[in-house]
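So the structure is just underneath, and the comments pick up after that.
Computed from a prediction, not measured in an experiment: that's the story for all the values here. Values below: all heavy atoms of this structure, side chains included; hydrogens, waters and symmetry mates excluded.
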Amino acid sequence: MARRKKEEVQTNTNPLADNVHIQGAGTIKSENIVDTLKSNYMPYAMSVILSRAIPEIDGFKPSHRKLLYTMYNMGLLQGKTIKSANIVGRTMQLNPHGDASIYETMIRLSRGNESLLYPYVESKGNFGKAYSRNMMYAASRYTEAKLAPIAKELFEDINKDTVDFVDNYDNTMKEPTLLPVTFPSILANVTTGIAVGMASSIASFNLGELCETTTALIKNPDHDVSETLLAPDFVGGGYVIYDKNELDKIYRTGRGSVKVRAKYSYDKSYNCIDITEIPPTTTSEAIIDKIVELVKTNKVKELSDIRDETDLKGLRITLDLKRGVDADALMTKLYKLTPLEDVFSCNFNILVKGYPKVMGVTDILKEWIEFRLECIRRRTQFTLDKKAQRLHLLEGLEKILLDIDKAIKIIRETEAESDVVPNLMIGFGIDKLQAEFVAEIKLRHLNREYILKRTKDIENLKKEIEELNSILQSKNKQKKIIIKELNEVASKYSGNRKSEILYEVEEYDVSAAAEIPDYPVTLFITKEGYLNKIRTANLRMSGEQKVKEGDSVDKVFECSNKDELLVFTDKAQVYKAKVDDFTDSKASQLGTFVASKLEMEANEKVIFICVVREYKGYMIFAFENGKVAKVDISSYQTKTNRKKLINAYSSKANLSCIEYIEEDTELVLCSSNGRMLILNTGSLTPKTTKDTIGVSVMTQKKNSRLESMHFYQEGEFEKAWRFRTKNLPAAGALPGPADNTDQITF
């Protein structure tokens, strides 16, 4: 019995047994996973998307906006810098996060960190560097900050009801939902963020180009933004590789990628390369680590040392070269193998009216224009209401001032102070607001000067109200205000591009590293575009050159295997290739189809091929309109094996024929009307611009055209002087029966 009572006592020591009862405790309940995600996960996901990671049309995430607005309220647009810790502490009244995350937000917005193309925070002290993972920022108690001058454009007229204000997290303060920015800040700085199920990555653009493009879109909604917005511009500089198709895709859809290359200089005296600007997506440490890895694996043998010489003057990575190394060729190789060339992936995902949306540059700017128009309308309405209220009070005052003695009499004869306002209302037929305003006038203001000033104010107010009403009723006037503000912003804060645009890029070719054997070869090129390369030593043993049925050999070249080919096409492009790129063949074989070998575009045809050993001489282009262009062949020379050059010749007129000359000579131009003209190429000035339109050489009559061109052969004409002329252009002469024009070898 005693034992049973002891067990009961031990059992009763559990407080849950008798005193507490949890409903459903210990039971297993089945629940639909979809319902669980909706109730538990979706609110978190929406919070991250709407309140943390994705920027809005003003260009800011909530954390940025709260920090900048706090600094604005602290009066940091003017005056000296203050301790960052002070700013962080004040920001916590709006931002319910820890001081560390708020300070990191300030770091990124600062000039010292070099993260933004147009920083909004002026910094003093060590704010770290975006291009280095090892250069960390100092604690907030050591650094100081204030707002940069451009931040003034973020808060212009913010107190004039331009944007909505909401309560902060504890309902003790008000904060703006957006900032009334006077320029498209959403595209002025790089903004990246990773939300739940989506991300955002917005490239930065030059402010001058951005304002010009926005102005053009306001004037013409169908404006092609690529005409004024050349390419993204990054704070770290470097080279942006121009790819029109990819940029058009970004401008149209908001998705795509931009290639950015590092910028370097070669110091001949120390035989070293100094890298001073790198892509925004990498760091100096990542670049050095990759180069060291390549050196250890013997993939890069040209370096003797690598150093990080970054100091207060800025970024610098120094590469010491071994003797005889070509610096440009090495950098082309490193671009291919290291983050010295990197890709900035664009995903222009922004919040519009509370919904995430991926938009192209054109759509984003149009959305910003609508946002700014709304700010202008609200500001105008606010100012109009204030002036209308002021006018209303002055109109009441005007009625009083017309008979001041009556007003004084009413006030003097009123026994109770509370009856002064009602008596004035009755005596002058004014409302309560006007009567209150009149009752507060000081005795010293009851004079002629005050009356005249107030009357003049009424006239000015009426004019201003009329102008404000016209602005509210005219969208064109609102747009003119935006354009004026954009021009002012561009003139104040825009500068030259930091990222230089590369329109022609030299890619690293692995095959170029191998030494090309040098031996004489003979090239047979057919009219159908086949090329057969035969060693000259084997040519005597070969039979007749084999060609396709209906085809024939058009040209024969004797050259070296190390020479280069220039292949001109009907699309004003030239393809470059080494003779060594084509395999040795036999006369019994057809050879290689040039268009396929050089990966030409669909329906692109070869119209001329020449062999170049040294880039000396000229390309002569004759056009059907009688113009002839003389282009120095060095214009087609590149430092590496680039496959294709665009704008190889002018496409503004139909091309008649092409010739390559190593030195000036005489050419015969033939017109469709039978006339011929001997042209000495020495009379033409050579150009370095490949697509020059040339100069008029042979005048063409109606319905005639320059048809062909060939080298002049001695004895071709009986009286050659008839076909030569001192002045150009000239019509040429008709050949006579004694001229050997039928025996010409083209």
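Ring pair F344/F234 is tilted by interplanar angle, where 30° to 60° counts as tilted.
Separation of the F568 and F621 ring centroids falls under the 6.0 Å cut-off.
A salt bridge links R497 with E209: at least one charged nitrogen is closer than 4.0 Å to a carboxylate oxygen. K333 and D326 are not joined by a salt bridge, as no carboxylate oxygen comes within less than 4.0 angstrom of a charged side-chain nitrogen. By the 4.0 Å N-to-carboxylate-O rule, R307 lies close enough to D320 to be salt-bridged with it. Salt bridge present: R261 and E341 bring a charged side-chain N and a carboxylate O closer than 4.0 Å. Using a cutoff of 4.0 Å between basic side-chain nitrogens and carboxylate oxygens, K533 and D584 are scored as salt-bridged. Between K571 and E601 there is a salt bridge, since at least one side-chain N of the basic residue sits less than 4.0 Å from a carboxylate O of the acidic one. Salt bridge present: K263 and E500 bring a charged side-chain N and a carboxylate O closer than 4.0 Å. Salt bridge absent: K498 and E277 never bring a charged side-chain N and a carboxylate O closer than 4.0 Å. Remark: R133 engages D289 in a salt bridge, criterion side-chain N to carboxylate O under 4.0 Å.
Side-chain atoms of Y649 and I607, non-hydrogen and from C-beta on, do get closer than 4.5 Å to each other. Considering only heavy atoms from C-beta on, V553 stays 4.5 Å or farther from K555 through its side chain. Contact of the S651 side chain with the D691 side chain is not registered, since no non-hydrogen atoms from C-beta on lie closer than 4.5 Å. Counting heavy atoms from C-beta on, the side chains of P279 and K259 never come closer than 4.5 Å. L667 has its side chain out of reach of Y712: every pair of non-hydrogen atoms, C-beta onward, lies at least 4.5 Å apart. With a 4.5 Å cut-off on side-chain heavy atoms, L728 and V695 do not count as touching. Considering only heavy atoms from C-beta on, Y264 stays 4.5 Å or farther from T276 through its side chain. Residues Y530 and Q589 form no side-chain contact, since every pair of their non-hydrogen atoms from C-beta on lies 4.5 Å or further apart.
For the pair R255 and F348, the cation-pi test (distance below 6.0 Å, angle within 45°) is failed.
E212 and T228 are not linked by any side-chain donor-acceptor pair at a separation below 3.5 angstrom, with hydrogens and angles left out of the test. Between the side chains of S132 and E285, at least one donor N or O sits under 3.5 Å from an acceptor N or O. No side-chain donor-acceptor contact under 3.5 Å links H223 and T213. With hydrogens and angles left out, the side-chain atoms of D308 and T310 include a donor and acceptor closer than 3.5 Å. For the residue pair T282 and D342, no side-chain donor N or O sits within less than 3.5 Å of a side-chain acceptor on the partner. Y266 and N271 are linked by a side-chain donor-acceptor pair at a separation below 3.5 angstrom, with hydrogens and angles left out of the test. Looking at D243 and Y503, their side chains never bring a donor and an acceptor atom within 3.5 Å of each other. In the model, S265 has no side-chain atom that pairs as donor or acceptor with a side-chain atom of D274 under 3.5 Å. D664 and T681 share a side-chain donor-acceptor pair at under 3.5 Å. T522 and T536 share a side-chain donor-acceptor pair at under 3.5 Å. Under the 3.5 Å distance criterion, with hydrogens and angles disregarded, a donor-acceptor pair is assigned to the side chains of N532 and S585.
A side-chain contact (heavy atoms from CB on, under 4.5 Å) with L523 holds for exactly one of V556, D563, L565, I534; it is L565. With S671 as reference, Q700 is the one residue of Q700, E707, K701 to meet the side-chain hydrogen bond (donor to acceptor under 3.5 Å, both in side chains) rule.
In this structure, K597 contributes its side chain and D581 its backbone to a donor-acceptor pair below 3.5 Å. Proximity of a side-chain donor or acceptor of T338 to a complementary backbone N or O of L340 within less than 3.5 Å is detected. Looking only at distances, no side-chain donor or acceptor of S560 sits under 3.5 Å from a matching main-chain atom of P520. Between the Y335 side chain and the A262 main chain, a donor and an acceptor come within less than 3.5 Å of each other. Checking side-chain atoms of S683 against main-chain N and O of N680 turns up a donor-acceptor pair under 3.5 Å. Side-chain N or O atoms of S499 include one that pairs as donor or acceptor with a backbone N or O of G237 at under 3.5 Å. Side chain of K322 to main chain of K301: a donor-acceptor pair is present (N/O by atom type, distance under 3.5 Å, no hydrogens or angles). Put simply, the side chain of R675 never gets that close to the backbone of T699: no donor and acceptor are under 3.5 Å apart. Judged purely by atom type and a 3.5 angstrom limit, T192 has no side-chain atom pairing as donor or acceptor with the backbone of S201. In this structure, the side chain of K630 engages the main chain of L684 through a donor-acceptor pair within 3.5 Å.
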Subject >> Residue pair K576, T638: steps toward the side chain to side chain donor-acceptor pair (under 3.5 Å) verdict >> reply: CA-CA 10 Å; K576 300 183 65 177; T638 55; 3.1 Å; yes

- request: List the steps, then state whether salt bridge (charged side-chain N to carboxylate O under 4.0 Å, His left out) holds for E666 with R724.
  value: CA-CA 10 Å; E666 288 187 326; R724 293 188 176 97; 3.0 Å; yes

Subject >> Steps toward side chain to side chain donor-acceptor pair (under 3.5 Å) verdict (E564, Y615) >> reply: CA-CA 10 Å; E564 291 187 16; Y615 279 83; 2.5 Å; yes

task: Let me see the working for E293 and K299 under salt bridge (charged side-chain N to carboxylate O under 4.0 Å, His left out), right down to the final yes or no.
output: CA-CA 9 Å; E293 178 188 334; K299 293 181 179 179; over 6 Å; no

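Taken from CG in N206 to CG in L117, the straight-line distance is 7.0 Å, to the nearest 0.5 Å.
Take T297 and apply the side chain to side chain donor-acceptor pair (under 3.5 Å) test, not counting sequence neighbours, and it matches no residue. The side-chain contact (heavy atoms from CB on, under 4.5 Å) test applied to I646 returns Q573, not counting sequence neighbours.
The neighbour count for E309 CD, taken as heavy atoms of other residues, nucleotides or ligands under 6.0 Å away, is above 12. For Y270, the OH atom is loosely surrounded, since the number of other residues' heavy atoms within 6.0 Å does not exceed 12. A 6.0 Å sphere centred on CD of E558 holds no more than 12 heavy atoms belonging to other residues, nucleotides or ligands.
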